[in-house]
Amino acid sequence: MTMDADHKKSTGKKRAQQGGKSRPSSSQQGQPPKRQKKDTEKSATEQSKKGPSDGPPPRLDPKSVGYFRRVGETLQQDFESKDDRALFVRNVFNEVKGIELLLATDASGSIVLQKLLSVAASAQLCQVLDALSKTWQNVCWHRSGAHVVQTALLQYERLQNPEVTEEEEEEEGESDSCSSLEDLVLSLCSEVRGNFLPYNQNTHGSFIVRTLLQVLSGTVLDQDASKRGGRGSAVKSEFDVPPSFLQQLEEMCGLFTGDIGVFATHKQASLGMQTALQVLHRKLPSTCAALCDDVISYLSSRNVSGDGSALMVFLKDETCSRLLEKILEVSEKKQLRRLFKAHFEGQLQALAAHPIANFTVQRLIRAIQTKKLDHPDIKLQFVNYHGSILLQHLLHFQDPAPVLHSLGNMTEADLHTVACSQPGSHVFDALLNSASITEKQRKKVLRKLRAHCMELACNKYGSRVLDHVWNSSTLGVKEEIAQKLGNHTSTYWGRLLYTQSMRLN
């Protein structure tokens with residue numbers, strides 16, 4: 001018995017090694033027994049007739065699990081040609097037929113199905129979605145099924161103008177009874193619209209709504225850039241969509257206004273409205289502006305306290321504040337001005353000190369399109385010592401762009417105030433000595449001080465800054481400074497700097 005066991009074990013190892021070394025071909029399918037597949041199809045058909053509350057769907061049998069595991073491994077290997085890969089995928093989709101729901105709701109099977117969908121032809125994709133459409137909610141509210149539907153929807157961009165091969169034409173001819181991809185997307189829209197609030201409140205359903213909104217608009221969002229504090233473009237890709245998609249998008253987004261209170265305060269449902277605002281801003285800006293007005297109007301009417309704006313309460317709530325950040329991000333200039341005057345003016349200091357509301361203030365400052373909202377008449381009075389130390393460290397960061405942008409947008413008078421103060425003068429030391437700041441970036445800030453050469457030279461700390469500017473300047477800039485100081489040598493600091501400038505000649 002021991003020898004037999006050892007013999008079987010060694011034989012199994014040999015077969016596994018041989019299978020791992022061989023190059024995959026279209027004929028190596030490891031097909032499950034026909035009887036087993038027939039039983040699996042029967043289970044899938046019975047499940048499709050049940051509702052989402054009738055219990056969890058049946059699982060794939062062990063043999064099918066093993067088969068699709070091998071399919072997943074084969075897909076990760078290199079094929080001899082594209083034709084071999086296409087033939088392999090086509091044969092696998094023949095095995096998928098009839099068990100799409102079981103595969104989509106299986107933890108390991110769904111991963112393989114996603115890989116297949118990412119390389120599927122249009123007819124193959126429609127085959128899967130057509131089967132899943134018989135029970136949309138079962139699959140969309142399933143943690144594995146939701147990812148399958150998302151992957152399928154995102155293939156629309158790739159399959160807009162596919163290069164159809166002869167084999168695919170034959171396959172499409174065999175699949176005349178299958179709905180088109182556009183019809184299947186519209187079918188899902190109908191399902192979601194009929195249960196809009198439940199879909200948005202469900203963890204996996206909300207995931208489907210957000211993906212659907214992106215596909216309908218032809219705008220795929222970059223989730224990393226969309227996160228709080230993220231920089232860069234929030235759009236990953238854009239593509240053309242048929243008019244029916246934009247019509248569905250507008251109708252679906254109109255449903256948000258029916259339950260604004262829920263969408264503003266429910267953590268899961270709020271994500272759907274945030275996505276809607278982002279895609280509407282790019283494709284239907286008038287609809288986006290109307291939705292923003294509806295949300296602000298509703299939240300402002302909730303008079304929680306008699307003092308100040310009712311919006312202040314929602315700004316301090318984590319879920320509401322994130323929604324308001326998106327509203328600020330997509331609002332038009334006139335809307336921002338109205339928002340600032342009605343709700344933010346006079347409250348910025350208190351909001352900036354709040355652990356949650358401060359993020360909304362940051363978004364407001366970033367979204368401001370005009371200097372009229374920054375109170376330009378208020379001049380800098382003094383420079384804080386600790387603030388100066390912080391700025392000096394920030395200027396030595398690998399990417400000090402935000403600080404440089406802020407310094408570059410300061411008025412000449414405010415920069416003069418910074419340069420003529422003891423803590424502020426060291427900020428210019430960091431600006432001139434930082435290895436992560438280019439000469440072009442320095443000039444953008446320093447050129448505003450040229451008109452104040454005399455005032456700087458007459459100040460104890462300002463002359464120190466001017467001295468550093470002189471040492472780091474080109475010959476042309478030094479001549480300009482020397483010319484401005486030539487007629488003003490009445491002060492000690494002015495004479496000292498002028499004497500240095502004369503050495504140039």
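We're numbering straight along the sequence, starting at 1.
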| Within 6.0 Å of CZ in Arg193, more than 12 heavy atoms from elsewhere | yes
| message | Checking Ser187 now: which residues fulfil side-chain contact (heavy atoms from CB on, under 4.5 Å) with it, not counting sequence neighbours? | response | Ser133, Trp136
| task | Would you check if the distance from the ring center of Phe263 to the ring center of Tyr298 is below 6.0 Å? | result | no
| note | Distance col, row Gln214:CD vs Ser217:OG, nearest 0.5 angstrom, shows 7.0 Å
| message | Measuring from atom SG of Cys140 to atom CD1 of Ile208, what distance do you get when rounded to the nearest 0.5 angstrom? | response | 4.5 Å
| query | In terms of side-chain geometry, is the basic nitrogen of Arg338 or Asp293 positioned less than 4.0 Å from the acidic oxygen of its partner? | reply | yes
| field | Pro355 backbone acceptor or donor facing Asn358 side chain under 3.5 Å | value | yes
| query | Asp259 versus His266: any side-chain heavy-atom pair under 4.5 Å? | reply | no
| said: Could you check whether any side-chain N or O of Ser434 sits under 3.5 Å from a backbone N or O of Leu395, counting only pairs where one atom can act as donor and the other as acceptor? | reply: yes
| task | Any chance you could measure Lys236, atom NZ, to Glu157, atom CD, to the nearest 0.5 Å? | result | 10.0 Å
| Side-chain (Ser110) to main-chain (Asp106) donor-acceptor, under 3.5 angstrom | yes
| query | Should the heavy atoms of other residues, nucleotides or ligands under 6.0 Å from NE2 of His396 be counted, would the total exceed 12? | reply | yes
| message | Is there a side-chain contact between Met252 and Cys189 in this structure, where contact means two heavy atoms from C-beta onward sitting under 4.5 Å apart? | response | yes
| query | If you look at every heavy atom in Gln335 and Ala289, which pair is closest and at what distance? | reply | NE2-O, 3.0 Å
| What orientation do Phe196 and Phe256 show, parallel under 30°, tilted 30 to 60°, or perpendicular over 60°? | perpendicular
| field | Nearest heavy-atom neighbours spanning Gly72 and Val112 | value | N-CG1, 4.0 Å
| request: For Gln278 and Gln274, test the side chains for any donor-to-acceptor distance below 3.5 angstrom and give the result as yes or no. | output: no
| query | Just by distance, do the side chain of Ser206 and the backbone of Asn202 share a donor-acceptor pair under 3.5 Å? | reply | no
| query | Are Glu182 and Pro242 side-chain neighbours, meaning at least one heavy-atom pair lies under 4.5 Å? | reply | yes
| Looking only at heavy atoms, what is the nearest atom pair of Gly272 and Leu213, with distance? | O-CD1, 3.6 Å
| Within-4.5 Å side-chain heavy-atom neighbours: Ser300 and His343 | yes
| request: State which residue, out of Val192, Val185, Leu184, fulfils the side chain to side chain contact (heavy atoms under 4.5 Å, CB included) condition with Leu188. | output: Val192
| said: Keeping Lys267 on the side-chain end and Glu318 on the backbone end, is there a donor-acceptor pair under 3.5 Å? | reply: no
| Given side chains that start at C-beta, do those of Leu271 and Phe207 come closer than 4.5 Å, heavy atoms only? | no
| Backbone N/O of Arg322 and side chain of Arg363: donor-acceptor pair under 3.5 Å | no
| request: Begin with the C-alpha distance, continue with both residues' side-chain angles, and end with the deciding distance and a verdict on side-chain contact (heavy atoms from CB on, under 4.5 Å) for Lys333 and Arg337. | output: CA-CA 6 Å; Lys333 190 182 296 185; Arg337 190 176 293 113; 3.8 Å; yes
| said: Testing the basics here: between Arg442 and Leu431, what is the closest heavy-atom pair and its distance to 0.1 Å? | reply: NE-O, 2.8 Å
| said: Donor-acceptor check, side chain of His452 to backbone of His416, threshold 3.5 angstrom: yes or no? | reply: no
| said: Is the shortest side-chain heavy-atom distance between Leu197 and Leu255 below 4.5 Å? | reply: no
| request: Answer yes or no: is there a donor N or O on one side and an acceptor on the other, between the side chain of Asp317 and the main chain of Cys320, under 3.5 Å? | output: yes
| message | Using every non-hydrogen atom in the two residues, find where Thr319 and Ala264 come nearest and quote the distance to one decimal. | response | CG2-O, 3.6 Å
| query | Would Gln114 and Ser118 satisfy side-chain hydrogen bond (donor to acceptor under 3.5 Å, both in side chains), going step by step from the backbone distance to the final call? | reply | CA-CA 6 Å; Gln114 289 176 62; Ser118 65; over 6 Å; no
| message | Nearest 0.5 Å, please: how far is CG in Leu117 from CD in Gln124? | response | 9.5 Å
| task | Determine whether more than 12 heavy atoms belonging to other residues, nucleotides or ligands lie under 6.0 Å from atom NZ of Lys283. | result | yes
| said: Run Leu154 and Thr211 through side-chain contact (heavy atoms from CB on, under 4.5 Å) and show every step you take. | reply: CA-CA 8 Å; Leu154 293 178; Thr211 304; 4.1 Å; yes
| remark: The reported gap from OG in Ser286 to CD in Glu332 (rounded to nearest 0.5 angstrom) is 8.5 Å
| Just checking, is any N or O donor in the side chain of Asn471 or His468 under 3.5 Å from an acceptor N or O on the other one? | no
| Which heavy atom in Tyr199 sits nearest to a heavy atom in Gln137, and how many Å separate them? | OH-CA, 3.5 Å
| task | Would you check if the side chain of Thr417 reaches a backbone N or O of Ala413 as a donor-acceptor pair within less than 3.5 Å? | result | yes
| query | Considering only heavy atoms from C-beta outward, does the side chain of Thr74 approach that of Phe79 to under 4.5 Å? | reply | yes
| said: Quick check: do Leu277 and Ile327 have side-chain heavy atoms less than 4.5 Å from each other? | reply: yes
| request: Give the intermediate values and the outcome of side-chain contact (heavy atoms from CB on, under 4.5 Å) for residues Lys444 and Leu404. | output: CA-CA 9 Å; Lys444 186 177 179 181; Leu404 288 171; over 6 Å; no
| Can you check whether Leu246's main-chain N or O pairs, donor with acceptor, with Glu250's side chain at less than 3.5 Å? | no
| task | Begin with the C-alpha distance, continue with both residues' side-chain angles, and end with the deciding distance and a verdict on side-chain contact (heavy atoms from CB on, under 4.5 Å) for Leu181 and Cys126. | result | CA-CA 6 Å; Leu181 184 53; Cys126 289; 3.9 Å; yes
| request: Can you establish whether the number of heavy atoms outside Phe382 located under 6.0 Å from its atom CZ is more than 12? | output: no
